[in-house]
Amino acid sequence: MNRSILVIDDEPDNFDVIETLLNQQDYELHYAANGQEAIDSLDIYQPDLILLDVMMPGIDGIEVCRQIKAMSKWQATPIIMVTALDSKSDLARCLNAGADDFISKPINALELRARVHSMLRIKQQYDDLQSLLKLREDMVQMLIHDLRNPLTGILLNLEILRDPDYPKEKHPYKLDQLYNSASILGGLIDDLLQMALIESDRIHLNLTEVDIGDLIQSAVGKFESIAAQRNLAIVVQLPESNQRKISVDPPLFQRVIDNLLSNAIKFSPRRSQIIINVEFLKTNIKIQTIDSGPGVPVELQKTIFRKYEIGTRMPDVAQIGLGLAFCKMVVEAHQGEIQVMNNQPKGSIFEITLRSAETGVISAY
């Protein structure tokens, strides 16, 4: 995307000079003949940088600069004063009005390009920071929403169980609902903590040779009751017991399998089937979670593992966009790969590829 530059000068010839000097820089240049015209056109041109002449009839450049910098929307837009003035007091007046830089007339091409590039770099850094802050704000809102849902379920069920007249022996499923809500809440919090550790390089893998079947059966046991409520069948396809060893950090890798199975349950239609398939190939191990849900659009299959990326919005489904990002971080920490593919005719296949334990390490194929 080309950066937008607004040149404010009462002499059109000066604009032509600047346009000529910057014509190889892929900038989008706009022109305003006076200060008021420039102020009125800010929302139209959306400048990333303003080149402002100081000596203009009517509102001079210093006053134009002061007025623009007084507008909250344009405070962060860099302004380079273009001036024939060279006294320290005049330059100080420009800076006091809010100018970010200045360039003297006659304009030197090399200096102009360098100062424009410098100011646009600063503006880009500001824009990136604002995007990050907006992302953080959106993330906090999503976290509040998705953490509140299971917490609300826990509190409501606890209120029911506290009622002395509630026939607890006739409705034991309330305890299952409490456990499920608490598990979801705990899982979200665990993902946040583990991702923070991985990103800060403060996590160290404790590689242990384990039976992949044990990790999968543990995950199935955790989500069996939730799957049953939706009439979902979980089918586990494992190789023979003497070919199931993988070298991983068991708690972390357990969370990966839990997340993938939990996602499959969330997005699978009622009365459908989820398949967890494990294959030990010549040098690789493939672990697949296969569902018949809405699937992941092709254009999102490369980005779905980014933090806070949401594939398909589903009503009443907690979707912070952390689960798959966590899975990717952990799998890559094990030097493996994770990807998503379409399941035919409908659904998704999430596939992890690791190197078999016989090599002594895990690496990408």
Side-chain angles (χ1 to χ4, degrees), residues 146 180 183-184 186-192 194-195 198 210-227 230 232-238 244 246 248-269 272-280 284-297 300-312 314 317-343 346-354 362 364-365:
D146 285 340
N180 291 339
S183 296
I184 293 170
L188 292 172
I189 293 170
D190 284 346
D191 284 354
L192 285 169
Q194 295 288 1
M195 287 175 68
I198 293 172
V210 295
D211 189 318
I212 183 60
D214 293 341
L215 298 181
I216 291 173
Q217 293 299 341
S218 174
V220 171
K222 293 174 188 174
F223 296 101
E224 231 166 8
S225 61
I226 300 175
R230 297 174 53 83
L232 299 174
I234 302 176
V235 178
V236 179
Q237 299 174 342
L238 294 169
R244 297 182 190 170
I246 61 173
V248 294
D249 185 300
L252 280 179
F253 210 77
Q254 179 73 70
R255 291 283 309 141
V256 171
I257 296 171
D258 290 354
N259 278 344
L260 293 180
L261 180 55
S262 174
N263 266 4
I265 291 171
K266 285 179 186 177
F267 295 104
S268 291
S272 64
Q273 182 175 267
I274 297 168
I275 299 173
I276 303 178
N277 179 58
V278 179
E279 292 182 56
F280 277 66
N284 298 328
I285 304 163
K286 288 190 176 180
I287 304 165
Q288 297 175 321
T289 304
I290 306 168
D291 65 62
S292 53
V296 179
L300 286 177
Q301 289 183 6
K302 295 295 185 184
T303 62
I304 193 67
F305 296 99
R306 294 177 185 168
K307 282 194 298 184
Y308 318 122
E309 184 73 58
I310 305 297
T312 304
M314 300 287 285
V317 174
Q319 291 172 263
I320 294 178
L322 288 179
L324 292 177
F326 171 81
C327 292
K328 185 176 189 292
M329 285 185 177
V330 172
V331 170
E332 290 184 349
H334 286 81
Q335 301 301 306
E337 285 192 2
I338 184 169
Q339 61 180 326
V340 60
M341 301 167 284
N342 288 328
N343 184 27
K346 187 179 180 182
S348 299
I349 302 173
F350 284 88
E351 181 178 275
I352 298 170
T353 304
L354 304 172
I362 297 175
Y365 67 96

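Heavy atoms only: backbone and side chains are in, while hydrogens, waters and symmetry mates are out. On a predicted model such as this, the values are computed, not experimentally measured, just so you know.
The shortest distance between side-chain heavy atoms of Gln288 and Gln237 does not fall below 4.5 Å. A 4.5 Å side-chain heavy-atom check between Ile276 and Val220 finds at least one atom pair inside the cut-off. Looking at Phe280 and Ile212, their side chains come closer than 4.5 Å, going by heavy atoms from C-beta outward. With contacts defined as side-chain heavy-atom distances shorter than 4.5 Å, the pair His334/Asp249 qualifies. Inter-residue side-chain proximity for Ile246 and Asp211 is flagged as unmet; no heavy-atom pair is nearer than 4.5 Å.
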Stepwise side chain to side chain contact (heavy atoms under 4.5 Å, CB included) test for Ile265 and Arg230: CA-CA 8 Å; Ile265 291 171; Arg230 297 174 53 83; 4.1 Å; yes
List the steps, then state whether side chain to side chain contact (heavy atoms under 4.5 Å, CB included) holds for Val340 with Leu324. CA-CA 10 Å; Val340 60; Leu324 292 177; over 6 Å; no
Between Ile287 and Phe253, is the side chain to side chain contact (heavy atoms under 4.5 Å, CB included) condition met? List the steps. CA-CA 12 Å; Ile287 304 165; Phe253 210 77; 3.8 Å; yes
Report the C-alpha distance between Ile352 and Leu260 in whole Å, list the side-chain angles of each, state the deciding distance to 0.1 Å, and finish with yes or no for side chain to side chain contact (heavy atoms under 4.5 Å, CB included). CA-CA 10 Å; Ile352 298 170; Leu260 293 180; 3.8 Å; yes
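Side-chain N or O atoms of Gln301 include one that pairs as donor or acceptor with a backbone N or O of Val296 at under 3.5 Å. No donor-acceptor pair closer than 3.5 Å links the side chain of Arg255 to the backbone N or O of Phe326. Between the Gln339 side chain and the Glu351 main chain, no donor and acceptor come within less than 3.5 Å of each other.
Closest non-hydrogen pair, Val256 versus Cys327, comes out as O-SG, 3.8 Å. Across all their heavy atoms, Asn342 and Ile349 have their closest contact at O-CD1, 4.0 Å. When all heavy atoms of Pro294 and Phe267 are compared, the closest pair comes out as CD-O, 3.2 Å. Closest non-hydrogen pair, Asn343 versus Ser348, comes out as CB-N, 3.6 Å. The heavy-atom pair separating Lys222 from Asp258 by the smallest distance is NZ-OD2, 2.7 Å. The minimum heavy-atom distance linking Ser292 with Ser268 is given by the pair N-OG, 4.5 Å.
Taking CG of Leu261 as the reference point, atom OG1 of Thr289 lies at 7.0 Å (rounded to 0.5 Å). Here the CG-CD1 distance, from Leu232 to Ile274, works out to 5.0 Å after rounding to the nearest 0.5 Å. Distance CD/Glu279 to CG/Leu238: 11.5 Å, rounded to 0.5 Å. Taking CZ of Phe305 as the reference point, atom CD1 of Ile338 lies at 4.5 Å (rounded to 0.5 Å). Atom CG of Asn259 and atom NZ of Lys328 lie 15.0 Å apart (nearest 0.5 Å).
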